[in-house]
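A, B, ... follow the sequence lines: proteins, then strands. Residue 1 opens every chain.
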There are 2 protein chains.
Amino acid sequence: MNNTLVTKLRRFIELDEGEVAALDRLVRDPHSVKAGVDLIEEGTNPENVFLLLGGWGYRYSLLHNGGRQIFGYLLPGDLCDVHVFMLDKMDHSIGLLSDATVVKVPADEMLELINRYPRIERALWIATLVTESTLRQWVVNIGRRDAFERTAHLFCELWQRMQAVGLVSVTDQFDLPLTQIELADTLGMTSVHINRILQRLREAGLIVLGKRRLTILDPRRLADISGFDPDYLRLDATPQHVSLRSRLSLVR
Amino acid sequence: MNNTLVTKLRRFIELDEGEVAALDRLVRDPHSVKAGVDLIEEGTNPENVFLLLGGWGYRYSLLHNGGRQIFGYLLPGDLCDVHVFMLDKMDHSIGLLSDATVVKVPADEMLELINRYPRIERALWIATLVTESTLRQWVVNIGRRDAFERTAHLFCELWQRMQAVGLVSVTDQFDLPLTQIELADTLGMTSVHINRILQRLREAGLIVLGKRRLTILDPRRLADISGFDPDYLRLDATPQHVSLRSRLSLVR
DNA sequence: CGCAAGTTTGACGCTGCTCAATCACTGTGG
DNA sequence: CCACAGTGATTGAGCAGCGTCAAACTTGCG
């Protein structure tokens with residue numbers, strides 16, 4: 001099996017054979033988990049770290065007033081909170097939006113891994129920096145764009161990330177197992193309003209959405225409308241990136 | 001001079017004398033910088049990392065349509081982006097809201113430091129996790145709370161953080177060098193509207209704000225209104241925290 | 001004293017929310 | 001195979017929160 005975790009971390013730093021082998025050892029014994037299950041619950045100190053091999057997850061919090069806010073999505077190949085053991089308790093929950101395949105890694109094993117392999121630790125740190133940068137874009141999106149642009153921006157981000165893991169068809173189509181309620185809770189609006197916005201996106205010839213599948217009809221225009229710039233996702237491997245990777249790989 | 005950086009990192013992990021000495025060596029030769037200056041600009045790959053000893057900084061981005069979004073504030077004792085050398089370019093700018101005192105550390109020196117002291121690296125990683133968790137709260141705030149609650153929540157956060165660095169008077173008063181325009185760009189609203197919200201907060205007997213100083217008249221009620229729970233800032237040192245710190249300090 | 005920056009106010013309109021009903025789809029049991 | 005329930009999508013009417021525009025006022029500062 002192709003280890004997507006290795007692929008992901010190699011975008012950030014150089015890894016040698018020993019390190020790759022250690023990561024491979026981590027990824028064994030995949031489980032199937034049903035949609036709707038929470039992998040990690042807010043307020044707890046989880047004993048395991050999860051790597052998502054297939055399916056969609058999401059990070060969220062429930063508010064006092066009954067509302068919910070979604071902070072991010074986990075796509076196939078993503079890993080949930082490797083750093084779980086660094087803070088005393090989770091500040092949000094992680095749930096599954098679809099049936100999923102996950103690998104469970106005991107937190108202690110994860111801790112041993114980063115103690116032994118400094119470069120893996122550093123790569124994981126960089127991964128959290130990317131999450132941080134993505135969260136900043138979400139703040140911009142919710143804070144400074146109207147509902148139409150905001151929705152377009154989210155679709156651009158998901159399209160880009162799904163593409164990076166090879167899950168977008170040649171017709172720019174991909175699975176989107178989100179209800180309109182979940183889209184609303186992601187974008188800071190109501191499900192009634194997101195429904196109307198989706199209609200406008202369809203009428204504008206920008207997307208087709210139905211049966212839990214999204215087609216991006218006009219990626220260029222969607223990005224223009226929403227001011228989307230994929231840089232923050234760090235999915236590329238520019239020459240600058242490559243030199244950066246080796247610079248960070250200094251031996252101790 | 002009391003090294004606030006050491007204090008901050010010790011909340012996350014145990015540090016020995018050698019590590020403390022290394023951090024002390026970093027913090028020398030403070031500069032004065034004028035309000036309005038940008039320490040770091042979006043799109044660049046900065047050569048230096050900054051530690052803020054006095055004054056206020058802020059992280060922000062400018063949008064295509066002329067708007068601005070603020071992502072966070074840097075208070076005395078905070079450090080801007082130690083990890084600057086881990087990504088190829090900044091995804092946001094860092095500016096100064098008031099005259100400030102800063103220490104400039106060359107990025108290479110920072111890199112050497114973390115190469116040499118794994119525990120310092122880990123502490124800095126944890127610091128980025130706290131930033132991440134704070135950003136999540138900002139997403140909740142902007143996405144799921146109305147203008148009144150949202151403003152109250154921001155004031156609770158700032159009050160708590162200022163308290164942690166000893167800058168709140170016994171009368172719950174502290175410097176707040178923000179214009180209403182900056183508050184608006186933080187909270188995803190217009191300056192006209194924030195002005196009206198501030199009036200309501202004053203009328204409700206919750207705050208006094210003027211002359212760049214904020215007084216929190218009723219901290220309890222302000223927190224209730226806004227659903228503020230300080231946990232995400234990780235400013236405490238609970239017993240659980242202490243055992244966590246030592247657990248993370250395994251030698252390699 | 002006079003300018004510049006920031007704050008305050010008013011009138012008006014639109015975006016997005018609320019409430020509530022209807023429609024469509026899917027899986028289930030009889 | 002069909003009735004039915006549950007979940008999600010869609011629609012409509014009415015309204016409120018917040019934005020826009022524009023002007024007046026206040027404060028700090030050279």
_Length of the line joining Ile181(A):CD1 and dT10(D):P, which is rounded to integer Å_ = 12 Å
*Sugar-phosphate only, base, or nothing, as touched by Gly188(A) at under 4.0 Å among non-hydrogen atoms*: sugar-phosphate
*Atom CD of Glu203(B) and atom C1' of dT8(C): how far apart are they, to the nearest Å?*
13 Å
_With a 4.0 Å limit, can you tell me whether Thr190(A) has a side-chain N or O closer than that to the phosphate oxygens OP1/OP2 of dC17(C)?_
yes
_Nucleotide of dG19(D), dC17(C), dA20(C) approaching His193(A) most closely (side-chain heavy atoms)_ = dC17(C)
*When you check the gap from the basic side-chain N to the acidic O, do Asp91(A) and Arg136(B) get nearer than 4.0 Å?*
yes
_Rounded at 0.5 Å granularity, tell me how far NE2 in His193(B) sits from CZ in Phe148(B)._
11.0 Å
*Could one point to a donor on the side chain of Arg212(B) or the base of dG28(D) with an acceptor on the other under 3.5 Å away?*
no
_Rounded distance (Å) that lies between atom P of dA5(C) and atom CD of Glu182(B)_ = 13 Å
*Counting just side-chain N and O atoms, does Gln199(A) come under 4.0 Å of either OP1 or OP2 of dA9(D)?*
no
*Of all the choices, dC17(C), dG19(D), dT10(D), which nucleotide is nearest to the side chain of Gln180(A) once you look at every atom?*
dT10(D)
*What is the distance from CZ of Arg196(A) to C1' of dG16(C), rounded to the nearest Å?*
9 Å
_Applying a 4.0 Å non-hydrogen cut-off, can you work out what Arg202(B) is touching in the nucleic acid: base, sugar-phosphate, or nothing?_
sugar-phosphate
*Can you tell me how far P of dG16(C) sits from CZ of Arg145(A), to the nearest Å?*
14 Å
*Check whether NZ of the Lys or CZ of the Arg Arg59(B) lies under 6.0 Å from the centre of the six-membered ring of Tyr73(B) and within 45 degrees of that ring's axis.*
no
*asked:* Rounding to an integer number of Å, can you tell me how far Asn195(A) CG sits from dA24(C) C1'?
replied: 13 Å
*Could you give the CZ-to-C1' distance, from Arg200(B) to dC18(D), as a whole number of Å?*
11 Å
*Between Arg144(A) and Val192(A), which is nearer to the 5' end of DNA chain D once each is assigned its nearest nucleotide?*
Val192(A)
*Where the side chain of Arg150(B) is defined as all heavy atoms beyond and including C-beta, which of dC19(C), dT8(C), dC18(D) is the nearest nucleotide?*
dC18(D)
*For dG28(D), does OP1 or OP2 lie under 4.0 Å from any side-chain N or O of Lys211(B)?*
yes
*How long is the line joining CZ of Phe148(A) and P of dC14(C), in whole Å?*
18 Å
_Under 3.5 Å side-chain donor-acceptor pair for Thr179(B) and Glu182(B)_ = yes
*For Asp231(A), what residues pass the salt bridge (charged side-chain N to carboxylate O under 4.0 Å, His left out) criterion, not counting sequence neighbours?*
Lys89(B)
